[in-house]
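See structure below.
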2 protein chains.
Amino acid sequence: MITLFSMPSSGNSYKVRLLLAQLAIPFKHTATEYDGGKELTRTDGFLKMNPEGKVPLVQFEDGRLLSQSNAILLYFSEGSPLLPEDSYERALVHQWMFFEQNSHEGSIAVRQAAYRYPHRAHQQIPEILDPLLESGNKALDVMEAQLNRTPFLIGDQYTVADIALYAYTHSADLGGFDIVGRKGIAAWLARVRDQPGHVGLDWLPA
Amino acid sequence: MITLFSMPSSGNSYKVRLLLAQLAIPFKHTATEYDGGKELTRTDGFLKMNPEGKVPLVQFEDGRLLSQSNAILLYFSEGSPLLPEDSYERALVHQWMFFEQNSHEGSIAVRQAAYRYPHRAHQQIPEILDPLLESGNKALDVMEAQLNRTPFLIGDQYTVADIALYAYTHSADLGGFDIVGRKGIAAWLARVRDQPGHVGLDWLPA
């Protein structure tokens with residue numbers, strides 16, 4: 001069985017738990033959570049596994065390792081209905097997943113973190129929060145335009161691109177972003193929640 | 001023939017030009033460059049093609065569109081020696097490409113841009129430059145650790161992951177990052193330049 005190192009409150013970690021739950025792939029879970037400086041990801045043992053000191057991280061039974069949430073999603077969704085076979089549809093899945101890591105997560109997740117984590121409270125200043133609001137709103141507007149045209153990000157089909165973007169969008173209001181006013185995104189969030197096997201952020205394997 | 005909209009001085013655009021040159025895929029090139037507010041990517045026509053207003057952007061002959069540099073790299077390298085067939089090796093390629101967009105480009109490219117583009121000169125203040133130096137150095141150290149162990153990022157094989165990371169690493173010194181002192185990265189940059197069909201940032205199709 002694989003081992004997943006993940007942070008219960010993190011959207012990047014949640015993506016992977018959601019995918020594994022929906023594909024009914026069993027996994028052993030090792031939790032890491034920020035606790036004021038002594039977190040697991042800063043230990044020498046963990047840094048040997050992932051020099052970036054980040055989760056999620058997957059360890060296979062033979063010891064091989066895989067990091068980066070979206071790389072993990074692509075690996076485990078291969079051959080499932082969540083990753084299209086068609087080369088152009090697959091390219092659009094990749095497009096939205098790189099958009100997520102480059103244009104979305106760095107604004108929307110970071111602004112949420114400034115409000116949610118006590119050790120980031122010093123970031124609650126306009127010089128930091130205002131540019132994050134602007135760039136995050138731009139990313140949400142790009143999603144909104146697409147989701148006013150199609151039910152899911154690449155068209156009619158629910159894919160790992162939707163999982164990747166659901167993670168931090170479903171909690172974007174915690175970062176001060178307006179989701180209710182973006183009807184396309186709000187309806188899409190509900191469609192994603194309605195998918196078979198969907199689990200919430202707080203789900204962990206028994 | 002495909003059309004590539006790309007910015008001559010941009011690393012994200014250069015990645016795609018380098019890959020297409022190495023795979024000998026012909027393309028029509030449309031240049032976009034910041035010119036003080038009237039750039040092509042801000043026109044209504046362009047925003048209709050890519051609501052993010054970013055390049056690189058590929059338009060296929062039938063009008064279909066694909067954005068995000070690394071999604072474009074994965075699309076065109078499929079079936080070539082630059083993208084491994086093995087599922088775990090391919091996952092490592094994805095891992096490094098998401099690392100590039102999430103942990104590398106946002107620091108290393110952004111710090112270069114602050115020095116290189118006149119309209120970004122106001123970013124040359126310690127409050128902005130110092131955190132970018134710290135996070136960029138962390139990303140370079142992760143690369144250095146890998147490249148002290150293997151000749152290319154995922155092992156013995158040159159892949160699109162190397163192209164993705166080469167683009168902004170080969171010019172990282174323009175952002176004030178130390179490359180000469182990182183022997184693993186310096187040797188890898190030379191190995192990438194030695195690959196058949198390599199072209200520099202300023203290469204454009206005839």
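Chain letters run A, B, ... following the sequence lines, proteins first, then strands; residues in each count from 1.
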Practice task
Against chain A, work out which of B:Val93, B:Asn50, B:Leu92, B:Val142 has the most heavy-atom pairs shorter than 4.5 Å and name it.
Solution key: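 Between B:Val93, B:Asn50, B:Leu92, B:Val142, the count favours B:Val142.
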Exercise for the section: Verify whether one side chain among B:Asn102 and A:Glu105 offers a donor that lies under 3.5 Å from an acceptor in the other. Expected result: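 Note: B:Asn102 and A:Glu105 side chains meet the donor-acceptor criterion.
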Handout entry: Selection from A:Ser103, A:Ala145, A:Ala139, A:Gly53 maximising heavy-atom pairs under 4.5 Å formed with chain B
Key =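 Heavy-atom pairs under 4.5 Å are most numerous for A:Ser103.
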Handout entry: Most contacts with chain B, counted as non-hydrogen pairs under 4.5 angstrom, among A:Glu52, A:Gln146, A:Arg90, A:Glu100
Key =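 It is A:Glu52.
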Handout entry: B:Arg64 portion near chain A, given a 4.5 angstrom heavy-atom threshold
Key =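 Its backbone and side chain both get close to chain A.
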Handout entry: Flag, side chain of B:Gln95 to backbone of A:Ser67, donor-acceptor distance under 3.5 Å
Key =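 Answer holds: yes.
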Handout entry: A:Tyr88 side-chain N/O to B:Leu65 backbone N/O, donor-acceptor pair under 3.5 Å
Key =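 At least one qualifying donor-acceptor pair exists.
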Practice task
Report the C-alpha distance between B:Ser87 and A:Glu78 in whole Å, list the side-chain angles of each, state the deciding distance to 0.1 Å, and finish with yes or no for side chain to side chain contact (heavy atoms under 4.5 Å, CB included).
Solution key: CA-CA 9 Å; B:Ser87 61; A:Glu78 183 67 56; over 6 Å; no
Exercise for the section: Please look at A:Ala91 and chain B and tell me whether the side chain, the backbone, both or neither of the residue comes under 4.5 angstrom of a heavy atom of that chain. Expected result: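 For A:Ala91, backbone and side chain are both near chain B.
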Practice task
Against chain B, label A:Leu66 side chain, backbone, both or neither, depending on which of its atoms sit under 4.5 Å from a heavy atom there.
Solution key: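 Both backbone and side chain.
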Problem - Separation of A:Gln101 CD from B:Gln68 CD (nearest 0.5 Å) - result: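 The CD atom of B:Gln68 sits 10.5 Å away from the CD atom of A:Gln101.
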Problem - Point-to-point distance, once rounded to the nearest 0.5 Å, from CZ of A:Phe98 to CG of B:Leu73 - result: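 Interatomic distance, A:Phe98 CZ to B:Leu73 CG, rounded to 0.5 Å: 8.0 Å.
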Practice task
Tell me, yes or no, whether the heavy-atom count around A:Asp62 atom CG, taken from other residues, nucleotides or ligands under 6.0 Å, exceeds 12.
Solution key: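 Counting neighbours around CG of A:Asp62, more than 12 heavy atoms of other residues, nucleotides or ligands fall under 6.0 Å, so yes.
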Exercise for the section: Determine whether more than 12 heavy atoms belonging to other residues, nucleotides or ligands lie under 6.0 Å from atom CG of B:Asp86. Expected result: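 More than 12 heavy atoms, drawn from other residues, nucleotides or ligands, come within 6.0 Å of this atom.
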